[in-house]
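Let me begin by presenting the structure, written as structure tokens, before commenting on it.
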Amino acid sequence: MSIDFANELNSAQLEAIMHQGSPALVIAGAGSGKTRTIVYRLARLVQDGIPPENILLLTFTRKAAQEMLLRAGTILGRNLSGTSGGTFHSFAFGVLRRNARCLGFDTGFTLLDRADSENVVKEVKDSLALGKGDRSYPKKNTLLDMITKSRNKERGIDSIVENEAFHLSSYAEDFQSIADGYTTFKQRHALLDYDDLLFRFEELLLNEPSLLEELRTRYRHIMVDEYQDTNKVQARLVRRLSGECGDVVAVGDDAQSIYAFRGADVANILDFPKIFKDAKLIRLEKNYRSTQAILNLTNHILAGAQTKFDKHLYSDRQNGALPRVVHPLSDQTQAKQVVEEVIKLAKKYPLHEIAVLFRAGYQSYPLEVALSRVGIGYQKYGGLRFHEAAHIKDVLAYLRLLRNPADLVAWRRVLAPIKGVGPKTADRIANARLNGDEKYMAKTLKRFPDLKQLFNHLDSLSHATRPGQALEQIAAFYQPMLAELYPDDYPKRQAGLDQLSQIAINYSTIDDFLADLTLDGDQEEEVRKENALVLSTVHSSKGLEWKAVLIIDLVEDRFPSKRALARPEDLDEERRLLYVACTRAKDSLTLFVPATIYNRFNAVSEPATPSPFLAELPADCVEIWREGYASGLNKDRAQARNNDNSALESLNANITADDPSPSPTDPSRLGMCRHKIFGQGKIVAHIPPNKYRINFPGFGLKVIVADYLEML
DNA sequence: GTATAGTCACCTTAT
DNA sequence: GTGACTATAC
């Protein structure tokens with residue numbers, strides 16, 4: 001069966017799928033049929049006689065790769081399972097595992113997930129006696145952030161701190177010592193973190209020319225999806241694997257770059273033609289996903305960016321409803337409004353074609369409560385992961401020890417439930433067992449009789465090679481501890497363990513099972529609900545699409561996130577994030593702007609400023625609705641957007657007047673101020689309780705928390 | 001060194 | 001309502 005490609009694709013897409021034999025960069029706007037293009041190119045290559053084994057497809061999630069391979073297989077009517085597909089990290093892991101000896105890991109190695117890494121970092125910090133008794137000392141999360149940012153951006157920690165966390169500059173030296181200690185710890189216990197996978201892979205390719213040759217011979221055709229979100233080392237890996245003029249097709253969209261915080265470098269896209277000789281450039285600009293009404297809005301969002309994008313999406317779908325901006329009275333009523341909106345939309349679309357998107361995982365909590373109350377099933381993407389739950393990690397620790405007896409992180413977990421054994425004793429026991437210190441072991445076994453059982457259990461496990469089988473034994477051993485450790489919700493956790501066993505059955509090696517869990521958190525989707533509303537962070541929504549999209553909490557501090565705005569260019573990333581969110585919608589787009597946000601710190605609702613990205617939008621590209629105190633939602637007939645701010649400010653004024661705390665709008669303070677990043681600026685307005693709107697020459701209007709300002 | 005009860009500050013985003 | 005840290009007693 002031959003496929004009529006010309007009939008299935010537009011001319012730019014066709015050009016992309018027919019390209020072969022040299023590097024090409026496909027700049028694919030949102031909804032421009034990027035996935036379709038990759039899928040058809042896969043199919044085209046195989047149809048033209050390329051063995052699937054010679055193709056490498058690198059994507060952002062493993063699921064994306066699987067779906068593309070499945071679709072290509074369906075088109076061709078044959079199985080493409082021979083194709084290598086996955087994330088950079090999982091591909092790197094596979095190669096590293098097969099060559100563990102070249103890395104100096106003779107007894108295997110194990111992976112650290114984010115939480116593991118944080119705990120190691122904290123341990124190192126404590127062992128160096130840094131920040132003792134200092135409550136305001138940077139937390140493990142911040143410490144690891146600095147360390148991995150430094151590695152991903154390939155700049156010194158001091159430079160990262162100076163640029164992105166200037167308030168921590170006095171700790172820069174500490175951070176360096178902690179980073180060094182962290183590296184040493186990982187080496188000593190045969191542990192790799194996410195970043196190590198990429199860098200050790202690169203090292204391996206440099207040190208083992210025969211391996212590089214082998215990989216090059218095998219992977220003659222490389223495709224890389226979401227190229228705008230690759231970092232420097234990933235770009236070098238592609239270059240090294242493909243060679244300067246190999247058959248490599250990178251697909252991406254500079255306007256959708258949303259992982260700069262992780263070291264992603266848009267320059268990779270821009271430099272592609274420099275790094276790869278005679279790279280062909282192909283642009284996909286026609287949008288097949290959204291209505292023109294939605295694209296009008298997304299084009300406006302992008303137009304406000306400081307970094308200009310050469311992008312203007314267009315669609316044939318002219319008859320679309322205007323995107324709606326809904327102003328609920330508070331974030332609590334917002335949840336109610338979203339539920340009502342979902343109920344209405346559900347009459348038109350299946351639930352899984354409707355998504356609610358948000359900036360950060362916690363923002364969906366009130367909504368989750370409201371949904372449960374009315375019995376609407378939902379599936380959440382992003383936020384806490386299945387395998388991060390304590391009981392899952394407990395059980396996995398036994399498996400880790402089987403593969404890497406030096407894994408101290410796992411030892412601590414396994415030993416922790418034994419009464420009388422704390423972190424110190426756990427370390428000692430682990431070391432004694434590793435070094436065969438019989439004397440200490442005998443002594444300790446006498447003191448902690450439970451240890452005997454644990455060791456017997458571990459010994460019996462060592463015969464198990466398949467993860468399903470091993471997990472069965474572990475679950476039996478862990479059972480009594482589960483009930484003891486988690487008396488409140490232990491049935492629920494038991495169900496989680498059963499689910500884990502189900503997943504494990506599909507794997508033939510423990511290494512792959514463990515790696516997939518840490519490298520690809522959404523395993524639980526295998527038991528995904530059939531028809532459920534989708535809740536997702538914007539980051540996790542990348543590459544997906546729905547008939548109807550609702551975005552919540554579009555207010556200053558939340559979207560854009562106040563945590564994300566350390567440097568001027570960070571605002572653009574937040575803007576691109578909103579762009580990604582809005583371009584997920586095919587037919588219907590609704591933006592929620594609550595007038596107040598509940599503040600847990602002082603347990604009151606505080607007035608919120610609408611997201612600056614919305615304030616810029618021309619009045620005719622959206623329809624505005626407001627929630628009244630008594631009357632529910634009303635359409636804003638006048639569309640008097642300019643009154644918006646004044647109404648809000650009078651609301652603010654009222655609240656401030658009732659507030660006994662000091663610092664209301666004081667005209668004498670509305671002078672000049674200085675900000676570490678934006679420089680000197682004129683204060684335009686005070687936004688109670690603690691923010692100012694300031695005009696910074698060159699940067700425009702910004703809302704800044706008073707703590708970050710020096711008043712002049 | 002460990003267990004436990006109490007106090008205080010806190011939630012980006014994710015391979 | 002929780003996780004991270006401290007003080008106190010075993």
Side-chain angles (χ1 to χ4, degrees), chain A residues 58-64 86-93 111-115 117-119 122 125-126 131-142 144-145 148-149 151-152 192-198 201 226 229-231 233-234 257-264 357-365 381-385 387-388 390 415-428 447-448 515-522 536-542 553 557-566 570 573-574 576-578 580-581 597-603:
Chain A
L58 293 172
T59 56
F60 214 67
T61 63
R62 206 171 52 109
K63 196 175 115 236
T87 61
F88 278 90
H89 291 87
S90 63
F91 180 63
F93 172 79
L111 298 180
L112 296 175
D113 66 13
R114 173 80 198 195
S117 297
E118 283 182 1
N119 290 334
K122 183 183 174 299
K125 184 201 87 176
D126 290 344
K132 249 178 129 175
D134 180 358
R135 278 206 113 107
S136 65
Y137 199 86
K139 308 278 176 291
K140 59 185 181 181
N141 177 37
T142 314
L144 185 62
D145 250 9
T148 74
K149 273 206 164 108
R151 297 195 73 198
N152 280 293
L192 295 186
D193 67 11
Y194 292 118
D195 306 331
D196 293 327
L197 285 173
L198 303 178
F201 184 28
E226 310 282 9
D229 285 323
T230 53
N231 62 18
V233 63
Q234 287 170 328
S257 157
I258 53 173
Y259 279 93
F261 73 90
R262 206 171 85 181
L357 306 183
F358 31 85
R359 178 65 178 80
Y362 71 92
Q363 288 169 348
S364 67
Y365 295 160
Y381 294 77
L384 276 179
R385 291 288 172 84
H387 75 274
E388 283 165 358
L415 291 167
I418 296 174
K419 285 270 170 270
V421 177
K424 289 275 148 60
T425 314
D427 283 9
R428 251 180 242 156
R447 213 173 125 203
F448 307 109
D516 274 3
L517 279 176
T518 37
L519 296 178
D520 189 42
D522 27 32
S536 175
T537 60
V538 180
H539 283 91
S540 301
S541 78
K542 189 165 86 154
D553 279 350
D557 288 358
R558 292 216 172 169
F559 204 157
S561 159
K562 66 177 165 196
R563 301 293 298 255
L565 299 178
D570 292 334
E573 175 138 323
E574 296 291 300
R576 291 192 298 268
L577 207 45
L578 181 60
V580 168
I597 290 283
Y598 181 74
N599 181 335
R600 299 216 330 286
F601 184 62
N602 43 12

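Order of the sequence lines fixes the chain letters, A, B, ..., with proteins taken first and strands second; residue numbering starts at 1 for each chain. Since this is a predicted model, take the numbers as computed values, not measurements.
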Whole angstroms only, please: what is the [atom1]-[atom2] distance between [X] and [N]?
| X | N | atom1 | atom2 | result |
| --- | --- | --- | --- | --- |
| Leu415(A) | dG1(B) | CG | C1' | 15 Å |
| Leu192(A) | dT15(B) | CG | P | 18 Å |
| Arg576(A) | dT12(B) | CZ | C1' | 16 Å |
| Lys562(A) | dT12(B) | NZ | C1' | 11 Å |
| Asp557(A) | dC10(B) | CG | C1' | 15 Å |
| Asp553(A) | dT12(B) | CG | P | 14 Å |
| Glu573(A) | dA14(B) | CD | P | 12 Å |
| Asn141(A) | dA14(B) | CG | C1' | 12 Å |

Indicate, with a heavy-atom threshold strictly under 4.0 Å, whether [X] touches base, sugar-phosphate, or nothing.
| X | value |
| --- | --- |
| Lys419(A) | sugar-phosphate |
| Arg428(A) | sugar-phosphate |
| Arg114(A) | base |
| Phe88(A) | nothing |

**Q.** Check: Phe93(A) ring centroid to Phe91(A) ring centroid under 6.0 Å
**A.**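 No.
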
Q | Listed partners of Phe88(A) passing ring pair (Phe, Tyr, Trp, His ring centres under 6.0 Å), at least two apart | A | none

Q: Could you pull out all residues at least two apart from Phe559(A) that satisfy ring pair (Phe, Tyr, Trp, His ring centres under 6.0 Å)?
A: none

Please check the phosphate of [N] (OP1 and OP2 only) for any side-chain N or O of [X] closer than 4.0 Å.
| X | N | answer |
| --- | --- | --- |
| Ser90(A) | dT15(B) | no |
| Ser540(A) | dA14(B) | yes |
| Thr425(A) | dT2(B) | yes |

Suppose you measure atom [atom1] in [N] against the same atom in [M]; what distance do you get, rounded to whole Å?
| N | M | atom1 | value |
| --- | --- | --- | --- |
| dT6(C) | dC11(B) | C1' | 23 Å |
| dA4(C) | dT13(B) | P | 16 Å |
| dC5(C) | dT12(B) | C1' | 23 Å |

Q: For nucleotides 1-7 of chain C, just jot down a letter per nucleotide in 5' to 3' order: B, S or -, based on protein non-hydrogen atoms under 4.0 Å.
A: B--SSS-

Q. Considering only heavy atoms from C-beta outward, does the side chain of Thr230(A) approach that of Tyr259(A) to under 4.5 Å?
A.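 A side-chain contact is absent here, since even the closest heavy-atom pair is not under 4.5 Å.
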
Q) Phe448(A): what forms a side chain to side chain contact (heavy atoms under 4.5 Å, CB included) with it, not counting sequence neighbours? A) Ile418(A), Val421(A), Thr425(A), Thr444(A), Leu451(A)

Q. Considering residues, nucleotides and ligands other than Lys139(A), do more than 12 of their heavy atoms fall under 6.0 Å from its NZ?
A. yes

Among the candidates [options], find the nucleotide nearest to the side-chain atoms of [X].
| X | options | answer |
| --- | --- | --- |
| Ala564(A) | dT12(B), dA14(B), dC11(B) | dT12(B) |
| Arg262(A) | dT2(B), dT15(B), dT13(B) | dT15(B) |
| Lys424(A) | dT15(B), dA14(B), dT2(B) | dT2(B) |
| His89(A) | dA14(B), dT13(B), dT15(B) | dT15(B) |
| Thr87(A) | dT15(B), dT13(B), dC11(B) | dT15(B) |
| Phe261(A) | dT2(B), dT12(B), dT13(B) | dT13(B) |

Test of understanding: with salt bridge (Lys or Arg N to Asp or Glu O under 4.0 Å), list the residues that count as partners of [X], not counting sequence neighbours.
| X | answer |
| --- | --- |
| Lys542(A) | Glu226(A), Asp229(A) |
| Asp145(A) | Arg114(A) |
| Lys122(A) | Asp126(A) |

**Q.** Runs of at least three Watson-Crick or G-U pairs with DNA chain C, cut-off 3.5 Å
**A.**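 Stems (3+ consecutive pairs) listed as B:1-9 with C:2-10.
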
**Q.** Along DNA chain B (nearest heavy atom to each residue), the more 5'-positioned of His539(A) and Pro423(A)
**A.** Pro423(A)

Q: Could I get the full list of side chain to side chain donor-acceptor pair (under 3.5 Å) partners for Thr87(A), not counting sequence neighbours?
A: Ser90(A)

Q) Can any side-chain N or O of Thr518(A) pair as donor or acceptor with the backbone N or O of Ala515(A) at less than 3.5 Å? A)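 Yes; at least one donor-acceptor contact below 3.5 Å.
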
